[in-house]
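Just so it is clear: chains get the letters A, B, ... in the order the sequence lines come, proteins before strands, and each one is counted from 1.
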Number of protein chains: 2
Amino acid sequence: MAVVSRYTVALHALTWLAYMSRDKDEFFASDRIANSVNTSPVFIRRILGQLAKARLVSVQHGGTGAGWKLARAAEAITLHEVYEAVVQTPLFELHHSGPNLRCQIGRGIQPALGEIYGETEAAMKRQLGSTTIADLVDSSLAHGEDGKEQASDGPQG
Amino acid sequence: MAVVSRYTVALHALTWLAYMSRDKDEFFASDRIANSVNTSPVFIRRILGQLAKARLVSVQHGGTGAGWKLARAAEAITLHEVYEAVVQTPLFELHHSGPNLRCQIGRGIQPALGEIYGETEAAMKRQLGSTTIADLVDSSLAHGEDGKEQASDGPQG
DNA sequence: ACCAATGTAACTAGAATGGTAGCATTGAGA
DNA sequence: TCTCAATGCTACCATTCTAGTTACATTGGT
């Protein structure tokens with residue numbers, strides 16, 4: 001498999017928040033985000049909680065206007081920051097059970113792979129750093145134009 | 001989690017085969033490779049079978065000298081090729097259950113992410129393409145120098 | 001005080017990974 | 001032709017991870 005869909009959900013949530021914040025600057029409940037992403041509110045809250053720890057979103061716990069909103073302008077949040085906030089595990093896994101250390105190759109393969117895996121993950125993150133949530137909003141709106149016939153009850157679906 | 005350890009095992013196996021082939025050009029059994037990687041021969045055979053389909057290794061099915069060897073020089077096998085041979089799933093997962101298509105963002109987010117994910121995976125593969133199995137052999141040997149005291153019963157240990 | 005919303009823990013179903021066992025097949029060598 | 005070491009393949013299992021669900025305590029405007 002691959003990078004978990006948690007990352008996709010995080011990006012979707014942030015993109016949705018950025019889009020909704022264009023009209024009014026308020027907090028939005030996890031139910032509404034979950035509705036757009038088509039998942040459970042608890043799952044959304046778990047992920048947004050991680051984004052809040054990374055200071056990418058602000059949270060309002062109680063009261064009538066409780067919910068979430070971006071902590072910064074969408075132009076100032078890169079996909080790389082979101083990745084760091086949501087994904088903790090390294091991109092490449094090493095051996096489940098360590099290699100045989102009595103073997104010449106087995107002794108050196110892990111540090112050798114560690115270097116290469118590190119460079120590769122860095123290249124991936126460099127690419128993610130070149131896109132922002134604002135870019136994602138624009139791109140999503142451009143791609144969403146086609147199927148307009150299904151739009152019915154507003155942007156939050 | 002991340003890219004499965006299958007990829008690490010594939011690289012380890014190829015590196016080991018490249019190292020062993022420096023002395024004699026013969027086929028090596030999956031048992032010996034499994035011993036260095038510290039896993040089961042069946043798992044090794046599953047992975048080497050994929051590498052054989054991609055024409056990266058040759059296989060000898062029966063007879064006394066049955067086993068595996070590199071199909072090309074180690075200098076001519078890039079880590080990108082190994083990745084393509086072993087990993088079929090995309091690097092990033094999209095929504096488990098598709099997003100809400102009645103939402104403006106939900107309608108456009110998947111194609112938008114598809115573009116970005118494609119570019120990111122391409123950047124990762126570009127980086128992997130800059131390293132060969134021969135590089136891995138050299139790097140492994142350099143890193144393995146330190147713990148020489150454990151070397152006892154030969155390189156396949 | 002009310003109550004809408006979050007935070008969090010526990011439990012579950014489903015999928016994926018890697019290990020194990022069994023058996024048919026291959027093919028060089030005696 | 002027979003032997004036998006090795007692969008190919010299938011089925012099954014334990015473990016782990018993901019995401020969904022439920023439940024309940026907590027927060028904090030009104």
*Asks:* With DNA chain D as reference, determine whether Gly62(A) or Val59(B) sits nearer its 5' end, using the nearest nucleotide of each.
*Replies:* Val59(B)
*Asks:* In whole Å, I'd like the distance from the CZ atom of Arg6(B) to the P atom of dG18(C).
*Replies:* 7 Å
*Asks:* Rounded to whole Å, please give me the gap between CG in Leu17(A) and P in dT6(C).
*Replies:*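 Rounding to the nearest Å, CG of Leu17(A) and P of dT6(C) are 11 Å apart.
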*Asks:* Find the distance Ile44(A):CD1 to dT21(D):P and express it as a whole number of Å.
*Replies:*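 Roughly 13 Å, once rounded to whole Å.
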*Asks:* If you only use heavy atoms from C-beta on, which nucleotide in dA6(D), dG8(D), dG20(D) is closest to the side chain of Ser97(B)?
*Replies:* dG20(D)
*Asks:* Please give me the minimum heavy-atom distance between Leu17(A) and Trp68(A), naming the atom from each residue.
*Replies:*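 Heavy-atom minimum between the residues: CD2-O, 3.6 Å.
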*Asks:* May I ask you to check whether Glu115(A) and His143(B) show a side-chain donor-acceptor distance below 3.5 Å?
*Replies:* yes
*Asks:* Picking from dA6(D), dA9(C), dT6(C), which would you name as closest to the side chain of Trp68(A)?
*Replies:*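 The answer is dT6(C), which lies nearest to the side chain.
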*Asks:* Could you tell me how far apart Gln60(A) (CD) and dG7(C) (C1') are, to the nearest whole angstrom?
*Replies:*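 Whole-Å distance recorded here is 15 Å.
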*Asks:* Name the closest nucleotide to the Thr39(A) side chain, picking from dT7(D), dA19(D), dG18(C).
*Replies:* dA19(D)
*Asks:* Take Thr64(A) and Leu48(A), find for each the nucleotide of DNA chain C with the closest heavy atom, and name the residue whose nucleotide sits nearer the 5' end.
*Replies:*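 Nearer the 5' end of the strand: Thr64(A).
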*Asks:* Using only side-chain N and O atoms of Ser40(B), determine if any of them is under 4.0 Å from OP1 or OP2 of dT20(C).
*Replies:*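 Indeed not, no polar side-chain atom of Ser40(B) lies that close.
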*Asks:* Sequence neighbours excluded, which residues qualify as salt bridge (Lys or Arg N to Asp or Glu O under 4.0 Å) partners of Arg55(A)?
*Replies:*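 In terms of salt bridge (Lys or Arg N to Asp or Glu O under 4.0 Å), with neighbours along the sequence ignored, Arg55(A) is linked to no residue.
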*Asks:* Side chain of Arg46(B): nearest nucleotide among dA11(D), dT7(D), dT6(C)?
*Replies:* dA11(D)
*Asks:* Of the options dA9(C), dG19(C), dG29(D), whose atoms approach the side-chain atoms of Phe43(B) most closely?
*Replies:* dG19(C)
*Asks:* By nearest atom, which of the nucleotides dT7(D), dG7(C), dG29(D) is closest to the Asp31(B) side chain?
*Replies:*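 Ranking dT7(D), dG7(C), dG29(D) by closest atom to the Asp31(B) side chain puts dT7(D) first.
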*Asks:* Round to a whole Å and report the spacing from CD of Glu26(B) to P of dG29(C).
*Replies:*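 About 13 Å, once rounded to whole Å.
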*Asks:* Between Lys125(A) and Glu84(A), does any side-chain N to carboxylate O distance fall below 4.0 Å?
*Replies:*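 Salt bridge: yes.
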*Asks:* Out of dA6(D), dA19(D), dT6(C), which nucleotide sits closest to the side chain of Ala29(B)?
*Replies:* dA6(D)
*Asks:* In this structure, how many angstroms lie between the C1' atom of dT16(D) and the CD atom of Glu93(A), rounded?
*Replies:* 10 Å
*Asks:* A side-chain contact here means heavy atoms from C-beta on lying under 4.5 Å apart; do Thr15(B) and Ile109(A) qualify?
*Replies:*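 Yes; the side chains approach each other to less than 4.5 Å.
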*Asks:* Just the rounded figure in Å: distance from C1' of dG8(D) to CZ of Arg45(B).
*Replies:*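 After rounding, the reported distance stands at 8 Å.
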*Asks:* Specify the residue among His96(B) and Gly65(B) whose closest nucleotide of DNA chain D lies further upstream toward the 5′ end.
*Replies:*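 So the residue in question is Gly65(B).
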*Asks:* Whole Å only: how far is the NE2 atom of His61(B) from the C1' atom of dT26(C)?
*Replies:*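 Rounding to the nearest Å, NE2 of His61(B) and C1' of dT26(C) are 7 Å apart.
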